[in-house]
Structures are given as C-alpha cells and as structure tokens.
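Report on the following structure.
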Amino acid sequence: MLTGKRILLIIGGGIAAYKSLDLIRRLRRAGAAVTPVLTRAGAEFVTPLSVSALAGEKVYADLWDLTDEAEMGHIQLSRVADLIVVAPATADLMAKMAQGRADDLASTLLLATDTPVLIAPAMNVRMWQHPATQRNLATLRGDGVRTVGPEVGDMACGEYGPGRMTEPADIVTAIEAQSEGGPLAGRHVLVTSGPTHEPIDPVRYIANRSSGAQGTAIARAALHAGARVSFVTGPASVPPPEGVDVIRVETARQMREAVLAALPADVGIFAAAVADWRMASPSDRKMKKTGGSLPVLEFAENPDILAEVSRHAQRPALVVGFAAETHDVADHARAKRERKGCDWILANDVSDGTGIMGGTENAVTLITADGSEDWPRAGKETVAARLIDRIAAALSGGTSE
Ligand code: C5P
C-alpha cells in the first residue's frame with residue numbers, strides 16, 4: 001500500500017500516455033496522492049482535464065505559469081513528493097534527464113529534486129536499442145534513477161520488441177516495493193540468471209538446462225527487501241520479476257558486458273549457468289551435411305564473469321557465486337571460492353535424479369571463509385529468501401564473513 005505517500009507523476013509525450021490515466025487511478029486506489037505534471041508533448045496524447053479529474057488535483061504544465069509559481073514554486077513542487085515517477089519516459093525525456101537539461105517544467109523539476117525517481121520508459125524498439133538511448137540509460141542508472149520496463153511486445157507502431165511501457169499494475173508493484181523500505185533499502189544488487197546460448201551457426205547453439213528459476217527468485221527476494229536490482233539474464237524459461245531492471249543477453253560475452261556496465265553494486269549474485277565454452281568461430285551460414293564427414297567444432301573459453309568481478313576495481317562489497325556440481329560438491333565449491341575470489345559460494349548437487357537443474361527445488365550448501373552450512377532442500381523461493389536474509393545481515397554487520 002502507498003497510504004500517505006505523495007507521488008509526482010510526470011507524463012511524457014508518447015502513445016503510452018493513455019496508460020498513465022490508469023496508473024493515476026491505481027496509485028490513488030493504493031492510497032497515494034498524485035500530483036500530475038504534463039509535458040507539452042504529453043498533452044498531445046491525454047488532456048489536462050482527464051488527468052486532473054482522475055488525480056483529483058490540479059495539473060502542472062508550464063514553467064512560466066506565474067500563478068503556479070505564486071502557489072508553489074517549481075523547486076518546492078519537486079520536493080514535496082516522496083517519489084517522482086516518469087511514465088511514459090520517452091527517449092527525449094531520458095536524454096534531457098541524462099544531460100541535466102532544464103528547459104521545461106518536467107525537466108526542471110527532475111533537475112531540482114533530491115527525491116527518488118522511477119522511470120517507465122516507452123518508445124519504439126529502434127529508439128530503445130539505439131546506442132544513444134542505452135548510453136542515457138546507463139547514465140541515469142549511475143545517477144541512481146530506477147527503471148521499470150520497458151517490456152517486450154507488440155508496439156503501437158506495428159513493430160515488435162522491447163519498448164512497451166510496463167502495465168500500470170506492475171508499475172504500482174514496483175513503486176510499492178521501492179517505498180516499503182526493507183533491509184536492503186538503498187542497496188544496489190546485481191543478479192545474473194539463466195543459461196547462455198553460444199551460437200554454432202545462425203540456427204544452432206550450445207545451451208544448458210538452467211531455467212533461470214533460482215536467479216529470478218533471488219532477484220525478486222532482493223527487490224522485496226527494498227534493493228534496487230539489476231537483473232542480467234540469459235534466455236531463461238521463467239519470466240523476470242516485475243520491478244527489477246532487466247538486461248537481456250544471449251551469450252557469455254554479452255553477459256560480461258552487461259554486468260560490467262551495471263557496476264557499481266553493493267552485492268553481486270552470480271546465479272547464471274554461463275557456458276564455459278563458445279565456438280571459436282561460429283559459422284555465419286547454416287552448416288550443411290557433407291557426404292558422410294562430420295563437422296569439427298572448435299571451442300574457445302568464455303570469460304569468467306564471477307572471477308573478473310571478484311577482482312574488479314569496482315568489486316561489490318559482497319560477491320556470491322554458485323557451484324553446480326555432480327560429485328564432491330562441498331570440496332569443489334570450497335576450491336572454487338578460492339579460485340574465483342568471491343566471498344560466498346552456494347553449492348548445489350545437480351547430478352541426475354536430484355531434479356534441481358530446471359526444477360522448482362534446491363538443496364544448497366553455503367560456503368564462506370568461515371566454513372560451510374547445509375541448508376535443507378526447499379523451494380527456490382525459500383532458498384532465495386534465506387540467502388537475501390543472510391546478505392542483509394552481513395551488510396548491516398559490515399562484514400562479508
Ligand atoms: O566455474 P563454474 O562454471 O562452475 O562456476 C560457477 C559460478 O561462476 C557461477 O556463479 C556462475 O554464474 C559463474 N560463472 C561466470 N562466468 C563463467 C562461468 C561461471 O560468472 N564464464
């Protein structure tokens with residue numbers, strides 16, 4: 001619930017602006033008061049009248065409106081809120097925010113504020129994927145701006161891909177998660193999850209049985225504990241949790257780039273089942289059967305992301321790795337902790353018959369510098385909650401054990 005919270009809602013100029021009317025309704029139903037700000041472009045998509053009718057409050061639109069300045073200056077307006085939400089956040093608004101421009105009411109409020117900001121990007125797929133937008137996104141994240149979405153799907157412009165604004169109900173969930181506080185409030189947690197796919201040719205790839213279930217559960221638990229979560233995921237079979245910053249990758253090398261770009265973080269949890277090897281030179285054409293002779297696949301070693309981050313100048317205060325083993329689990333995991341340079345290892349037995357890899361349960365042993373601890377077999381959500389509790393305790397004690 002958002003009872004007693006005041007949210008300043010900036011509505012940017014995109015077709016998704018119509019969803020912001022539903023967002024206002026849902027925020028108010030959750031107990032929040034909504035002060036709406038409509039950009040000039042936003043007013044092309046929704047009318048000030050419908051926005052103010054739903055918000056039950058005056059709409060702010062113009063920086064130079066002297067009445068507004070007399071009633072409440074823009075500096076004050078930007079600070080009375082508990083949270084500023086930008087929905088939809090267009091490519092243009094994100095660019096302005098990243099540059100620190102202040103040439104209209106919305107951008108001025110965003111520059112003048114010290115209130116937490118959450119943006120819900122919405123734009124055409126190509127605009128979202130453009131290096132300029134991705135650069136702006138990285139800058140904004142570095143400035144502490146939280147994001148929700150965008151989602152992958154059909155776009156109003158007829159294209160398909162990432163760019164749809166997150167549904168209002170899910171934006172409210174993300175806002176609630178952020179405003180509830182919790183033991184990891186103010187912390188940035190980076191989680192890797194899922195398998196990686198390493199192409200052999202345009203239609204074939206090397207993969208593994210990881211579903212992404214454990215990493216997803218950990219990201220959700222970190223979010224519920226109040227953290228800002230960057231979730232770098234390979235092609236997993238379970239959907240990512242709502243409310244985290246999702247960065248989708250396919251290969252180990254893409255995962256490495258995304259992880260390094262997401263630093264700094266307070267905690268790094270490396271739950272992804274990263275392929276150890278890739279093709280040395282994947283074919284750019286589909287490989288053909290050739291009269292009886294078999295193809296020879298030459299491998300190259302993938303970067304070890306966990307080991308690299310553990311020794312990185314921006315190393316998180318606490319780095320947690322996983323060890324999926326089929327035999328001598330604890331021994332291998334202890335050696336792996338040393339070799340990779342991480343603080344903790346969660347070791348699990350993925351041998352045939354355990355049903356752990358790709359399943360719903362996990363049985364882990366936590367290995368720290370001080371020793372090891374067997375956790376009872378439980379649902380992956382329970383294992384995640386336990387891990388996040390341990391992490392919160394370690395951070396508050398100022399120790400990584
Ligand atoms: O060496 P191994 O694959 O068993 O190590 C498992 C741990 O290392 C996991 O935490 C996994 O996410 C991480 N890892 C990685 N990059 C790799 C291989 C594994 O981050 N290339």
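We count ligands from 1, going down the list as the structure has it; atoms in each ligand are counted the same way. For the single chain, residues carry numbers from 1 onward in sequence order.
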Result of checking Leu110, Ile119, Val145, Leu9 against Ile84 for side chain to side chain contact (heavy atoms under 4.5 Å, CB included): Leu110
By side chain to side chain contact (heavy atoms under 4.5 Å, CB included) - contacts of Val203 (at least two apart): Asp201, Lys286
Distance under 4.0 Å, heavy atoms only, partner ligand 1: which residues pass? Phe270, Ala272, Val274, Asp276, Pro303, Asp304, Ile305, Leu306, Gly321, Phe322, Lys336, Lys340
All side chain to side chain contact (heavy atoms under 4.5 Å, CB included) counterparts of Pro303, not counting sequence neighbours: Arg253, Arg256, Arg278
Can you list everything that forms a side chain to side chain contact (heavy atoms under 4.5 Å, CB included) with Glu167? Sequence neighbours excluded, please. Lys19, Arg164, Asp170
Judged by modelled atom types alone, do Thr196 and Glu198 share a side-chain donor-acceptor pair under 3.5 Å? yes
For Ser107 and Ala102 the tightest heavy-atom approach is OG-CA, 3.5 Å
